[in-house]
Amino acid sequence: MTLEPFVIDVEQDVLDDLRRRLKATRFAPDLDNEDEAFGLSTAYLKPIVEYWADGFDWRGVEARLNEYSHHRVDVDGTPVHFIREPGKSPAPIPLLLMHGWPWTFWDWSKVIRPLADPASHGGDPADAFDVIVPSLPGFAFSTPLTNGKENFVSMADRFHTLMTDVLGHRRFGVGAADYGALVGAQLGHKYAGSLHGIHLGNEMPLTIFQGERHWDLTGGAPIDGLPDMVNFVDTYVSHVATHMLDAQTITHGLNDSPIGMLAWILKRWKKWSDQNGVFEDSYPVDHILTNATIYWVNQAIGSSIRAYKNVNRHPWRPSHDRTPAVEAPAGFTFHLGDAAPPGAHDRERRVAAFKEAAGPVYADVRQVNVHEKGGHFGPWENPEAWIEDLRATFRPLR
């Protein structure tokens, strides 16, 4: 089909309203929170909010975003936005790159052109991809959400339709992390015949968020005496429990208050990024506010949050009874700055734990790479690793 261009052009009255809300912020009292033991501090947040109100240049950001070719199409009644960067070689393979929460498509921006045009970035043109980077349904410009049951299972169906029926690719590759890794694993389960392979940044099971303790990432496992588990719980559990148990309750505040929304997602970026690095080195304030503005202007925070609860309300069901469930060839990229048990900060323990857990799930693991640099947002924090790992996984699968 002929794709119409989609140009990002936020209405000025939306930006004016955002600025008014920011300027009217009533900053919270924050006694004895210098170490942020109670959460993101007012002292840290206040200058970022003031810059968002008076210094941040969204129109300049729009110009940079629009340097890429954007499209938005209807896929079975749901709007799906994506960047498309054609590969610069005689035979590029299509590669679908999927983000998570609270990411946006822009967190893949550092890898798009090196993957599409490796020759211009010191690589082999034979490794070129046609790069497609969507916004997950309910995120960013893939809004407003029209299916109240949307979760990683339905997203996999939509992206298979996008890649095969809309874009006309017989086969394609997948790269994904965080919630997108669940979408990628589901594609590798249900649509393995349409894939060259998958490359994921997380090893989450397709049955995640099920059972009596669906809101507890540990499943009730003991954590006493296990430092990696304690760190894992401290890092990730609060948002999962809230999203699972009170998604709409918190949405009322986050959708109405830009500082409330910013605080909720900035805490995740700050806490989940490389725990061995300096957050501000990887996350300049303009990148933080680019993503925050994308969430705000699309009123996407509530629909993005519901992707969690919908996994429990509309659980995964296998499409076939073969084991292991994910049959597409798979590669993985992990980062030692991530908080993932067990052995999150030890290369050999991380690989061993992964191999033990992956055997019943993934039929054909080709690559497992663990990198010193980077945390939960690897494609943004360590794009060079992802570029090389994606090339390595798909090189023999072309």
Side-chain angles (χ1 to χ4, degrees), residues 1-9 65-89 91-100 103-109 111-113 115-117 128-177 179-199 294 298 300 303-304 307 319 328 390 394 397-398:
M1 63 179 295
T2 301
L3 292 173
E4 296 295 329
F6 174 75
V7 177
I8 297 173
D9 184 16
L65 297 177
N66 285 322
E67 290 174 1
Y68 292 82
S69 296
H70 297 255
H71 306 277
R72 189 164 67 176
V73 297
D74 180 285
V75 180
D76 298 327
T78 290
V80 175
H81 155 263
F82 59 95
I83 286 175
R84 189 182 193 189
E85 186 78 9
K88 305 294 194 300
S89 82
I93 67 169
L95 179 64
L96 178 72
L97 299 177
M98 294 179 292
H99 63 82
W103 309 37
T104 74
F105 65 93
W106 196 239
D107 288 303
W108 286 100
S109 59
V111 310
I112 294 174
R113 285 180 171 152
L115 289 173
D117 186 8
F129 297 92
D130 283 327
V131 181
I132 296 93
V133 185
S135 300
L136 299 185
F139 291 69
F141 298 98
S142 291
T143 49
L145 200 63
T146 56
N147 173 27
K149 301 178 181 180
E150 198 79 53
N151 64 17
F152 75 85
V153 177
S154 59
M155 291 178 189
D157 292 337
R158 295 195 194 285
F159 288 133
H160 183 260
T161 298
L162 172 70
M163 297 298 289
T164 58
D165 293 355
V166 178
L167 298 180
H169 299 301
R170 187 177 64 86
R171 297 176 71 202
F172 60 97
V174 170
Y179 197 92
L182 285 170
V183 185
Q186 173 64 5
L187 284 164
H189 165 68
K190 186 174 181 179
Y191 298 108
S194 297
L195 302 182
H196 293 283
I198 60 177
H199 190 96
I294 289 171
N298 290 292
S303 52
S304 70
S319 298
L390 284 162
F394 288 101
L397 299 172
R398 290 175 175 266

Colleague: Do the non-hydrogen side-chain atoms of Ser154 and Asn147 ever get within less than 4.5 Å of each other?
Modeller: yes
Colleague: Do the side chains of His189 and Ser319 get nearer than 4.5 Å, heavy atoms only?
Modeller: yes
Colleague: Quick one: does Asp107's side chain get under 4.5 Å of His99's, heavy atoms only?
Modeller: no
Colleague: How long is the gap from NZ on Lys88 to CG on Asp130, to the nearest 0.5 Å?
Modeller: 9.0 Å
Colleague: What do the steps show when you test Val75 against Phe159 for side-chain contact (heavy atoms from CB on, under 4.5 Å), and what is the final call?
Modeller: CA-CA 8 Å; Val75 180; Phe159 288 133; over 6 Å; no
Colleague: If you look at every heavy atom in Ala177 and Trp103, which pair is closest and at what distance?
Modeller: CB-CH2, 3.6 Å
Colleague: Indicate the atoms forming the closest heavy-atom contact of Pro137 with Thr78, along with that distance.
Modeller: CB-CG2, 4.0 Å
Colleague: Mind listing the closest non-hydrogen atom pair of Ala128 and Ala116 along with its distance?
Modeller: CB-O, 3.6 Å
Colleague: For Ile294 and Phe105: C-alpha separation, side-chain torsions, deciding distance, then whether side-chain contact (heavy atoms from CB on, under 4.5 Å) applies.
Modeller: CA-CA 10 Å; Ile294 289 171; Phe105 65 93; 4.1 Å; yes
Colleague: Short question: side chain of Tyr179, backbone of Ala307 - any donor-acceptor pair under 3.5 Å?
Modeller: yes
Colleague: Enter the distance from Arg171:CZ to Ile93:CD1 here, rounded to the nearest 0.5 Å.
Modeller: 8.5 Å
Colleague: Could you tell me if the side chain of Met98 sits less than 4.5 Å from the side chain of Met155, heavy atoms only?
Modeller: no
Colleague: Between the main-chain N or O of Leu390 and the side-chain N or O of His199, is there a donor-acceptor pair closer than 3.5 Å?
Modeller: no
Colleague: Quick check: closest heavy atoms across Leu397 and Gly197, and the distance to 0.1 Å?
Modeller: CD1-CA, 4.3 Å
Colleague: With heavy-atom distances below 4.5 Å as the criterion, would you say the side chains of Thr161 and Val80 are in contact?
Modeller: no
Colleague: Can you name the salt bridge (Lys or Arg N to Asp or Glu O under 4.0 Å) partners of Arg113, sequence neighbours left out?
Modeller: Glu85
Colleague: Do Pro94 and Leu167 have side chains that get closer than 4.5 Å, going by heavy atoms?
Modeller: no
Colleague: Suppose the criterion is side-chain hydrogen bond (donor to acceptor under 3.5 Å, both in side chains): which pairs have a residue in residues 65-76, not counting sequence neighbours?
Modeller: His70-His81
Colleague: So, applying side chain to side chain contact (heavy atoms under 4.5 Å, CB included) with Pro79, which one of Val73, Leu145, Thr146 is it?
Modeller: Thr146
Colleague: Do Ser194 and His169 have side chains that approach each other closer than 4.5 Å (heavy atoms only, starting at C-beta)?
Modeller: no
Colleague: From Leu97 CG over to Phe129 CZ, what is the distance, rounded to the nearest 0.5 angstrom?
Modeller: 8.5 Å
Colleague: Determine the minimum heavy-atom distance between Arg84 and Pro86, stating which atoms define it.
Modeller: O-CD, 3.7 Å
Colleague: Could you check if a side-chain atom of Phe139 sits within less than 4.5 angstrom of a side-chain atom of Thr104, using non-hydrogen atoms only?
Modeller: no
Colleague: Any idea which heavy atoms bring Ser303 and Gly138 closest together, and the distance?
Modeller: OG-O, 2.6 Å
Colleague: Run the side-chain contact (heavy atoms from CB on, under 4.5 Å) test on Thr164 and Phe172 for me, step by step, so that the C-alpha distance in whole Å, both residues' side-chain angles and the decisive distance to 0.1 Å come before the verdict.
Modeller: CA-CA 8 Å; Thr164 58; Phe172 60 97; 4.1 Å; yes
Colleague: side-chain contact (heavy atoms from CB on, under 4.5 Å) between Phe82 and Leu3: does it pass, once the steps are laid out?
Modeller: CA-CA 11 Å; Phe82 59 95; Leu3 292 173; 4.1 Å; yes
